[in-house]
Amino acid sequence: MIYFDNSASSPMSPSVLAVMREELVHFANPSSLHRLGFEAEKRLKTAREQVAKSIGATPEEIFFTSGGTEADNLAIFGAVQKLRRRGNRILTTDSEHPAVARCMDALEAEGFQVVRLSTRKGALDPAEIAEAANDKTILAAVMHTNNETGAVYDIPTLSRLVKAKSPFALIFSDGVQGYLKSPMTPAALGVDLLSLSAHKICGPKGVGALYVKKGTNLPARIYGGGQEKGVRSGTENLPGIVAFGKAAEEGKAVLEDSIRRMNAIGEIIMKELADEPRVSFNRPAKASCHVLSMTVQGFRSEVLLHTLSEKEVFVSSGSACSSHSGKSPVLQNFGLSAKEADSTVRLSFSRLNTEEEALEFCRILREILR
């Protein structure tokens, strides 16, 4: 089996799986005021420290969620609730993940002025940002790494330009795809809010986190028992959180080697298929190591996907979160025609993939093309 769909979800590493299995037998609630509860709280604290360290933050700035989607919603609606009396202008892009894009649609329906910046060829235009931002801008929400093209956006420049026009505006980045695929710290990015997810970094599904810069103080969005400092109540998913912490610690420790490995896999595929006239790669100038968008003329993406699947090779035709709700506009906003977008598949790698798998993938694809 060759699994190149890690942007949808990555397999858990053996050590993360072992930690999660061990935690499943511990049933106590971290909020309970007895020894078992204190022990559970200690494991929760350790995981928070591990995730915080992986992005150069403090544990107090990490809020656990049910995943990247909840973290995105928590950031966006929390920021808007906090600042809605200061203005009604929001900047985002035309290529956001649905977890952000649908929030923007909802806010627009409420009367907020949403400006969608162009991401043609996988880059933001500083002049467009400077023109779009004004003193009524309360939020800029732009992903770090595009989940379909692998484009890495210039968040530091975005932050600088927006803050120059509106110093109180909050800068939020969906960091789910870029997390532990490239060096990433909130300080270097210039963000106030950053979303993360475990199942993209060889951790479990159903757990994520939101970084909230110290002093930002988001209002509560989910009320209940006051967990996560009251911002997001609900009994913690401790097996998922503990496994997330382990995945974060492990991923941070091998980050440089992971980047080298995933870059090498992409380079092998592009080199091996360079002489295939029907194959082209949609590579942004600044691209992540783990996403490779590939157009194969003469094949609809769904047909190629299922043909590869029959040979135990697993890729995707774009964002998994858009696959049941119609075609994503991201590839056309990148610059592909509708026909090209319909013939494009996404290969996405994790630190568990190998160069041998890349060579075997190319052999199988050549066989299909013949």
Side-chain angles (χ1 to χ4, degrees), residues 23 26-86 99-100 103 138-139 141 168-176 179 184-187 189-198 201 203-204 206-249 252:
E23 186 58 38
H26 297 301
F27 46 81
N29 191 317
S31 297
S32 294
L33 300 178
H34 49 59
R35 180 174 58 82
L36 294 182
F38 293 148
E39 291 172 356
E41 185 183 25
K42 187 182 295 185
R43 295 192 298 275
L44 175 63
K45 180 182 177 183
T46 297
R48 200 182 306 276
E49 291 169 349
Q50 291 169 319
V51 173
K53 189 175 181 180
S54 73
I55 59 168
T58 65
E60 294 74 23
E61 295 173 308
I62 300 299
F63 295 79
F64 287 115
T65 68
S66 64
T69 294
E70 186 191 340
D72 289 346
N73 278 253
L74 190 65
I76 292 167
F77 291 109
V80 167
Q81 182 179 341
K82 178 183 177 71
L83 296 174
R84 65 190 311 153
R85 293 185 180 180
R86 303 288 295 269
V100 171
C103 291
I138 59 174
L139 173 66
F168 59 81
L170 292 177
I171 310 299
F172 163 60
S173 187
D174 177 347
V176 168
Y179 180 42
M184 176 193 290
T185 67
L189 295 175
V191 298
D192 304 291
L193 305 161
L194 181 70
S195 60
L196 310 171
S197 181
I201 62 162
V207 60
L210 178 65
Y211 159 84
V212 181
K213 185 178 179 179
K214 187 177 180 180
T216 301
N217 301 323
L218 285 186
R221 294 296 300 173
I222 299 178
Y223 296 91
Q227 294 87 350
E228 299 305 298
K229 292 192 284 188
V231 172
R232 191 270 187 195
S233 291
T235 300
E236 300 88 349
N237 168 17
L238 204 52
I241 289 171
V242 168
F244 184 9
K246 178 64 176 177
E249 180 181 65
K252 179 66 173 178

Enquirer: What's the separation between atom CG in D174 and atom CZ in F172, rounded to the nearest 0.5 Å?
Expert: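 If I round to the nearest 0.5 Å, the distance is 5.0 Å.
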
Enquirer: Less than 3.5 Å apart, which donor and acceptor atoms pair up between the side chains of residues 56-67 and the rest of the protein, not counting sequence neighbours?
Expert:
residue	atom	partner	partner atom	Å
T58	OG1	E61	OE1	3.0
E61	OE1	T58	N	2.9
E61	OE2	K214	N	3.0
T65	OG1	G67	N	3.2
T65	OG1	G67	O	2.8
S66	OG	E70	OE1	2.6

Enquirer: Do I138 and F168 come within less than 4.5 Å of each other through their side chains, counting heavy atoms only?
Expert: yes

Enquirer: Any donor-acceptor pair under 3.5 Å linking the side-chain atoms of S54 with those of Y179?
Expert: yes

Enquirer: About how many Å separate CG of L193 and CG of L189, when rounded to the nearest 0.5 Å?
Expert: 12.0 Å

Enquirer: As an exercise, state the distance from NZ of K246 to CD of Q50, rounded to the nearest 0.5 Å.
Expert: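 If we round to the nearest 0.5 Å, K246:NZ and Q50:CD are 7.5 Å apart.
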
Enquirer: Do L196 and V176 come close enough that some side-chain heavy atom pair is under 4.5 Å?
Expert: no

Enquirer: What are the two closest heavy atoms between A75 and L218, and how far apart are they?
Expert: CA-CD1, 4.3 Å

Enquirer: State the CG-CD1 distance between L139 and I76, to the nearest 0.5 angstrom.
Expert: 6.5 Å

Enquirer: What are the two closest non-hydrogen atoms of A28 and H34, and how far apart are they?
Expert: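 Heavy-atom minimum between the residues: CB-CE1, 4.4 Å.
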
Enquirer: If we ignore hydrogens and angles and just use 3.5 Å, is the side chain of T46 paired with the main-chain N or O of K42 as donor and acceptor?
Expert: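 Yes, the answer is positive, given that a donor and an acceptor are paired below the 3.5 Å cut-off.
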
Enquirer: Would you find more than 12 non-hydrogen atoms of other residues, nucleotides or ligands less than 6.0 Å from K82 atom NZ?
Expert: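 Correct, the count exceeds 12.
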
Enquirer: Mind listing the closest non-hydrogen atom pair of A198 and P204 along with its distance?
Expert: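 Shortest heavy-atom contact: CB-O, 3.4 Å.
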
Enquirer: Do E236 and R43 meet the salt-bridge criterion of a basic N to acidic O distance under 4.0 Å?
Expert: no

Enquirer: Distance check, rounded to the nearest 0.5 Å: E41 atom CD versus S31 atom OG?
Expert: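 Taking CD in E41 and OG in S31, the distance rounds to 7.5 Å.
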
Enquirer: Quick one: closest heavy-atom pair of G240 and V207, and the distance?
Expert: O-CG1, 3.6 Å

Enquirer: Output yes when R35 and E39 qualify as a salt bridge under the 4.0 Å nitrogen-oxygen rule, no when they do not.
Expert: yes

Enquirer: Should L210 and L194 count as side-chain neighbours, where that means a heavy-atom distance under 4.5 Å?
Expert: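 A side-chain contact is absent here, since even the closest heavy-atom pair is not under 4.5 Å.
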
Enquirer: Between A99 and N73, what is the shortest heavy-atom contact and its length?
Expert: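 Between these two residues, the closest heavy atoms are O-ND2, 3.6 Å.
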
Enquirer: Please check if the side chain of S233 supplies one atom and the backbone of G226 the other of a donor-acceptor pair under 3.5 Å.
Expert: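 Indeed, once roles are kept as given, a pair shorter than 3.5 Å links the two residues.
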
Enquirer: Can a side-chain donor-acceptor contact be found between T216 and D192 if the only test is distance below 3.5 angstrom?
Expert: no

Enquirer: Hey, does P186 have a side-chain heavy atom less than 4.5 Å from the side chain of I55?
Expert: yes

Enquirer: Report yes if some heavy atom in the side chain of H26 is under 4.5 Å from a heavy atom in the side chain of L238; otherwise report no.
Expert: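 H26 vs L238: side chains apart.
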
Enquirer: Looking at every heavy atom in both G230 and A220, which two are closest together, and how far apart are they?
Expert: O-CB, 3.2 Å

Enquirer: Check the pair Y211 / V51 against side chain to side chain contact (heavy atoms under 4.5 Å, CB included), numbers first and verdict last.
Expert: CA-CA 10 Å; Y211 159 84; V51 173; over 6 Å; no

Enquirer: To the nearest 0.5 angstrom, please state how far the CD atom of E249 sits from the CD1 atom of I201.
Expert: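 If I round to the nearest 0.5 Å, the distance is 11.0 Å.
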
Enquirer: Evaluate the criterion side chain to side chain contact (heavy atoms under 4.5 Å, CB included) for residue pair K213 and V191; output intermediate values, then yes/no.
Expert: CA-CA 8 Å; K213 185 178 179 179; V191 298; over 6 Å; no

